[in-house]
Amino acid sequence: GQGTTSNVLYATKEKNQDGTGYVQNIIDVIANHSDTMYLDKDGGIYMCGYSNSTLFLGQTESTKGVTYLGPKNAIKITGGYINVGLITTTGKAVAWGQNDYGTFGAGNTSTNETVVAYDVNDFKIACYGSIVLKEDGKAYAAGKNSYGQLGNSTNINSKYLTQTGEAEVELNIKNEYIKIGNKLEIKATEGERINAFIQDSSNKGSWTWTSLNEDVATIDNNGIVTGRTIGYTTITGCNTKTAATAKAIINVYSNKEGAITRPQIEVGPEYTIILKEDGTVWATGKNDCGQLGNGTTTNSNKPVQVKIDENTYLENVIKIDVTDDSTIALTKTGEVYAWGKNENGELGVGDKTYRSYATRVKGIDGNGYLENIIDIASGETNGYAIDKNGNVYGWGYGGYNQIDDTATSKVYPTKMSDCTDAISISAGDCFMAVMQSNSNTLQSHGNVRRPRPLLSHEQQPFPQIDAVSHRNILRNHGNAQ
């Protein structure tokens, strides 16, 4: 701010923009990597140092002293490497400059002046990340997260502000099967989000529970679920004081001896798959790709039982899903099987060879097999699964980023690191969607990989899922139009 680039050995006053005097009425100053930023008592901003048109907000840099960037209504300033930010008198956090990794939390890497958040108590920005402290004491961070610096229980970079701390609620079940007349208890354990303010120790509150289809299952105020009729429903819980919410899926099947699941029928192109309540699977119709799963490619005009090999039938199945010319099945023990067409690796068995027998889906990168799975879905050329911890796995065609950001096909399951806390999944042509236990809004994206929470003006409650047809789950992950 002296109008030269010479080193200065003594403390020296900063010159004003035309170099005829000195900067006055300064109430705050920050020194960044190669620039200095000043805040005056009227909320105006001054800058000197590293020459960057974005950093100087398009202003012509003074060669005689500091450069005035204009009145910004600011009360606090912050800075990182080649980026800066401020808080306005209305509690708005604003930033501009270097935005690698989506440091500003706006979902992009734009270097332009960007609103980061509203109702802000404090705001700090660094080279590859930022964090805001909201007026309610909650902290939100965005940017690079390779060492877990965002504090959101992951190591995944985020271009959106993500709340610091663990998931709010963990239910003891996510997607459960019970018989008519049987009962089970849902228990909620609340994790701790970071809050800068001391919290009232009596603020734990109590949980209220709702079944979206009480014809299928009911739940009382103690979290006891009772199965009533065949079908499935979504159970929603809410803490009366903390406003924390969580969801679980309850599947109800017959109380007859030998029944292990609710019966299901699925129709593919010119063939039909039937899941009986005893866990056996039957198929009829066209079989040119092995889609009937009986070890042949011969069409059949009457149901044939799906097999694992020549002498072994597929049993203990609790859910099936059918797409183009392939089928995926989930067993009671959490194993996944697939058969039929495999043009893009959609069977997840390590190659692209069609299968006429039900074949167990491999594990990540072909190591072992998928285990502890609670839900499955089949897209036109993809397979998906959720494990008991809410992790999501995908395989098959990836040209629309419906698995990861490489846009390549996967013959083995890949863990989708940006999909967590899942309890239910569904898939369409080249996209998929998950319902999360702790979210009231749909996470969605199109041809880009990262599912994002909807912005405040886009948010809407996740719709009720029909208790009979699982196809009513919203689908939106991949090439959604």
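Any value given below was found using the heavy atoms of this structure, including those in side chains, with hydrogens, waters and symmetry copies removed.
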Atom pair CD1 (Ile328) and CD (Glu266), whose distance is rounded to the nearest 0.5 Å = 12.0 Å

Donor-acceptor side-chain pairing of Asn83 and Thr103 below 3.5 angstrom | no

With a 3.5 Å cut-off and no angle check, do the side chains of Asn121 and Glu135 form a donor-acceptor pair?
-> no

Val84 and Trp96, any side-chain heavy atoms less than 4.5 Å apart | yes

Could you tell me whether the side chains of Tyr369 and Glu371 share a donor-acceptor contact shorter than 3.5 Å?
-> no

Would you please say whether a donor-acceptor pair under 3.5 Å links the side chains of Asn145 and Asn155?
-> no

When you check the side-chain N and O atoms of Asp288 and Thr297, is any donor under 3.5 Å from an acceptor?
-> no

Nearest 0.5 Å please: distance from the CG atom of Asn32 over to the OH atom of Tyr81.
-> 11.0 Å

So do the side chains of Ile173 and Ile250 get within less than 4.5 Å of each other, counting heavy atoms only?
-> yes

Donor-acceptor side-chain pairing of Thr236 and Thr210 below 3.5 angstrom | no

Pair Lys92 + Asp119: basic N to acidic O under 4.0 Å | no

Flag this pair as yes if the NZ/CZ of Lys179 is under 6.0 angstrom from the six-membered ring centre of Tyr253 and inside a 45 degree cone about the axis; otherwise no.
-> no

Minimum side-chain heavy-atom gap Val225-Ile178 below 4.5 Å = yes

Sequence neighbours excluded, the answer for salt bridge (charged side-chain N to carboxylate O under 4.0 Å, His left out) partners of Glu270 is Lys286

Distance in Å, Cys419 SG paired with Tyr384 OH, rounded so as to fall on 0.5 Å steps = 9.0 Å

Roughly how far, to the nearest 0.5 Å, is CZ of Arg355 from SG of Cys289?
-> 13.5 Å

Just by distance, with hydrogens left out, do Gln98 and Asp100 show a side-chain donor and acceptor under 3.5 Å apart?
-> yes

Report yes or no: do Ser110 and Asn108 form a side-chain donor-acceptor pair below 3.5 Å?
-> no

Taking the inter-plane angle between the rings of Trp209 and Trp207 on a 0 to 90° scale, is it parallel (under 30°), tilted (30 to 60°) or perpendicular (over 60°)?
-> parallel

For residues Trp282 and Thr280, determine if any side-chain heavy atom of one lies less than 4.5 Å from a side-chain heavy atom of the other.
-> yes

